[in-house]
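The sequence lines fix the lettering, A, B, ..., with proteins before strands; numbering per chain opens at 1.
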Protein chains: 2
Amino acid sequence: MNTTAEPRKESASCPMDFILRMLMGPWTTYILYNLKTHGPQRFGELKRRVAGISAKMLTERLRTLEGAGLVRRDYEATIPPRVTYSLTSRGHELDDVLGYLAEIGTRWETEDAAQRSLQGAGLKAAE
Amino acid sequence: MNTTAEPRKESASCPMDFILRMLMGPWTTYILYNLKTHGPQRFGELKRRVAGISAKMLTERLRTLEGAGLVRRDYEATIPPRVTYSLTSRGHELDDVLGYLAEIGTRWETEDAAQRSLQGAGLKAAE
DNA sequence: GCCAGTAGGTACCAATTCGTAACTTGCAGG
DNA sequence: CCTGCAAGTTACGAATTGGTACCTACTGGC
């Protein structure tokens, strides 16, 4: 292909950057988590589950995820319209990473808790 | 409004959220990547490598990472002061996940490129 | 004597972002 | 007839955020 000069910026960490920019969105992980654990859902269902998100945000996040090919949007033009969102195979590829992240996060949480209880036990006057 | 300390937003699926909030920062992954690949570095070195980040941002990101225990800050009060940053063991735990993410990102990029070249082959007159 | 460099801190400014509220279409219920 | 739900879209506004410029303290070079 172009072994010559694609003006690739020096970002060797770029593919990761793209994917992180996706997960970065404030509610993104909640949405993915819900789609994963509760299966395909309609807009209102999802909105009720995420609890706190505004319709605008949810729409925007879903569009972004759809654009990245992580979420599929099924629109049925019935009255009232029924829009169902589900994870694509790409979306499911992320499950693993998210699970991994959650694992690390949980481990750290546990370690921190242990650390705090150790300090709480003896250090009241130490500092 | 609320005179009592309202416990901010409480979320059930949170351990991952914490860790993602860390990686979310605009430059965070670049910083971690550089610390990983080039080893412990001084502030100016890091700043030159990341190329484009402002001192303010870099400082703030490093403080956040330090606070989370991912990065260690060694301050030697020489003249001029020498401050060296390095990954902690926790920081290295993230290497795996970031590598995993980069892998997925790269794979998707490749797939997308293949997709585009397939379309490019036949659709020149289609639009 | 002045400037550059090291490792930042602070003030201010512009841009982005997220939430709230109002509007959309078509039908069902009171 | 009016309201509400479905799944949004749009307008407006407030808050956060990231960049730029300027400040520190100290020393070595010209």
Would you say [N] has OP1 or OP2 under 4.0 Å from some side-chain N or O of [X]?
X      : N       : answer
R42(B) : dT6(C)  : no
R63(B) : dG8(C)  : yes
Y85(A) : dG8(D)  : yes
R82(B) : dA7(C)  : no
W27(B) : dT17(D) : no
R48(B) : dT6(C)  : yes

Distance-only donor-acceptor check, side chains R42(A) and T84(A), under 3.5 Å: no

Main-chain N/O of D74(B) paired with E76(B) side-chain donor or acceptor, under 3.5 Å: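 Pair absent, no side-chain N/O of E76(B) close to backbone of D74(B).
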
Straight-line distance of M22(B) CE to L32(B) CG, nearest 0.5 Å: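 The CE atom of M22(B) sits 10.0 Å away from the CG atom of L32(B).
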
Please state how far atom [atom1] in [X] lies from atom [atom2] in [N], giving the value in whole angstrom units.
X      : N       : atom1 : atom2 : answer
R61(B) : dG18(D) : CZ    : P     : 7 Å
M57(A) : dT9(D)  : CE    : P     : 12 Å
K47(A) : dC18(C) : NZ    : P     : 16 Å
E60(A) : dT17(C) : CD    : P     : 8 Å
Y75(A) : dA6(D)  : OH    : P     : 14 Å
E76(A) : dT25(C) : CD    : P     : 22 Å
E66(A) : dA7(D)  : CD    : C1'   : 14 Å
I53(A) : dA7(D)  : CD1   : P     : 15 Å

Touch class at under 4.0 angstrom, heavy-atom based, for K56(B) against every strand present: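 Base contact.
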
Sugar-phosphate, base or nothing in reach of T59(B), heavy atoms under 4.0 Å: sugar-phosphate

D95(B) side chain near Y33(B) side chain, heavy-atom distance below 4.5 Å: no

Nucleotide of dA6(D), dG8(C), dT6(C) approaching P81(B) most closely (side-chain heavy atoms):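 Minimum distance to the P81(B) side chain belongs to dT6(C).
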
Selected nucleotide, minimal atom distance to F43(A) side chain, candidates dG8(D), dG18(D), dG8(C): dG8(D)

Basic-acidic side-chain contact under 4.0 Å: K36(A), D96(A): no

